[in-house]
Amino acid sequence: MPTSGAACNIIVDSCCELSRGYCERAGLRVLNFSYTETVKGDDGLTGVDDMYESISAHDFYEAMRHGAQPMTSQPSQLAFETAFNEAIDSGVPTVYLAFSSGLSGAYEGACTALARICREREVESAAELGMYVVDLKLGSTPQGLIIAEAVRQRDRGLTAAELAAWAAEARYYVQTMFMVDDLDALHRGGRIPAGVALVGGKLDVKPLLTFDTDGKLAVVGVVRGRKKGLRRMAEFYSKGRNADLYS
């Protein structure tokens with residue numbers, strides 16, 4: 001939904017972990033990912049990522065705790081082309097702030113769709129159409145944080161070109177550290193070998209993860225036990241030692 005009077009509009013995807021209500025108030029158009037059960041069939045998780053409108057976050061993750069293993073899919077080419085064409089036809093320059101290309105093909109899919117639109121409209125660059133796509137190289141919560149700041153920057157009057165340039169720089173100033181309880185999820189996603197997941201589970205090893213400068217998952221530390229992991233993350237936050245993530 002465009003924001004009346006805005007210097008530009010913003011498109012996001014549902015990976016950003018912002019609420020549907022916030023996106024509506026901020027005038028953000030949302031492109032929805034989908035998910036399909038890979039193990040439990042009709043008893044598992046299959047649907048559209050509609051920001052927990054049709055299923056609560058509690059119920060979604062409770063299903064995963066009981067064995068559901070959903071696999072996500074990016075928006076279709078048709079979804080990208082429809083959103084971009086509508087944005088272009090609105091006459092308001094627009095920026096799509098995409099989920100990390102290191103974790104999903106959404107950014108590449110968006111670029112492919114936009115390149116096709118440029119050919120159809122016989123222009124050499126998307127900028128001529130007032131359409132910009134930025135790979136945030138971040139996932140989920142940090143993606144949502146930078147989108148929230150992008151909304152503030154837009155409301156302060158940044159043009160689409162200026163906002164795209166701002167986001168392309170700001171993404172490298174967002175530092176992330178998080179922990180997972182179960183290494184099986186990383187193994188299923190192809191992030192670590194099966195042997196590492198098995199040994200790590202037996203030893204109660206908790207990897208501390210971040211997004212590297214290419215937007216891919218990277219291990220920045222390993223601890224034994226959840227409490228030690230939480231303590232390490234709290235220490236990192238309190239000291240503000242952001243540079244240590246990539247050193």
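Source: prediction; values computed, not measured.
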By side-chain contact (heavy atoms from CB on, under 4.5 Å), Val39 pairs with (sequence neighbours left out) Glu37, Gln69
| Got Tyr52 and His58 here, is their nearest side-chain heavy-atom distance under 4.5 Å? | no
Exercise. Got a donor-acceptor contact below 3.5 angstrom from the Ser238 side chain to the Glu235 backbone?
Worked result: yes
By salt bridge (charged side-chain N to carboxylate O under 4.0 Å, His left out), Glu62 pairs with (sequence neighbours left out) Arg65
> Have Asp13 and Gln143 got a donor and an acceptor in their side chains that come within less than 3.5 Å?
Replying inline: yes
Ser76 meets the side-chain contact (heavy atoms from CB on, under 4.5 Å) criterion, sequence neighbours left out, with Leu78, Ala79
Acceptor/donor pairs from residues 161-169 side chains to any protein atom, 3.5 angstrom cut, sequence neighbours excluded:
residue: Glu162; atom: OE1; partner: Thr159; partner atom: N; Å: 2.9
residue: Glu162; atom: OE1; partner: Thr159; partner atom: OG1; Å: 3.3

By side-chain contact (heavy atoms from CB on, under 4.5 Å), Ala160 pairs with (sequence neighbours left out) Cys8, Pro93, Val95, Tyr132
Across all chains, not counting sequence neighbours, the side-chain contact (heavy atoms from CB on, under 4.5 Å) partners of Ser14 are Val30, Asn32, Phe33, Asp49, Met51
One should read off an interatomic distance between Met233 CE and Leu208 CG, to the nearest 0.5 angstrom, of 6.5 Å
Self-check item: Worked verdict on Glu149 versus Arg171 for salt bridge (charged side-chain N to carboxylate O under 4.0 Å, His left out)
Solution: CA-CA 11 Å; Glu149 180 58 31; Arg171 62 191 176 187; over 6 Å; no
Note: with side-chain heavy atoms under 4.5 Å as the link, the other cluster members for Val48 come out as none
Sequence neighbours excluded, the answer for side chain to side chain donor-acceptor pair (under 3.5 Å) partners of Arg121 is Asn85, Asp89
Sorted by chain and residue number, the ring pair (Phe, Tyr, Trp, His ring centres under 6.0 Å) partners of Phe178 (sequence neighbours excluded) come out as Phe211
* Asked: For atom CZ of Arg226, is the number of surrounding heavy atoms from other residues, nucleotides or ligands below 6.0 Å larger than 12?
  -> no
Connected to Met71, directly or through other members, by ILVMFWY side-chain contacts below 4.5 Å are none
Contacts satisfying ring pair (Phe, Tyr, Trp, His ring centres under 6.0 Å) that involve residues 59-78 (not counting sequence neighbours) are Tyr35-Phe60
query: With the 4.5 Å side-chain cut-off for hydrophobic clustering, are Val174 and Val151 part of the same group?
result: yes
Grouping ILVMFWY residues whenever side-chain heavy atoms fall under 4.5 Å, the cluster of Val123 otherwise contains Ile11, Leu31, Phe80, Phe84, Ile88, Tyr96, Tyr107, Leu114, Ile117, Leu129, Met131, Val133
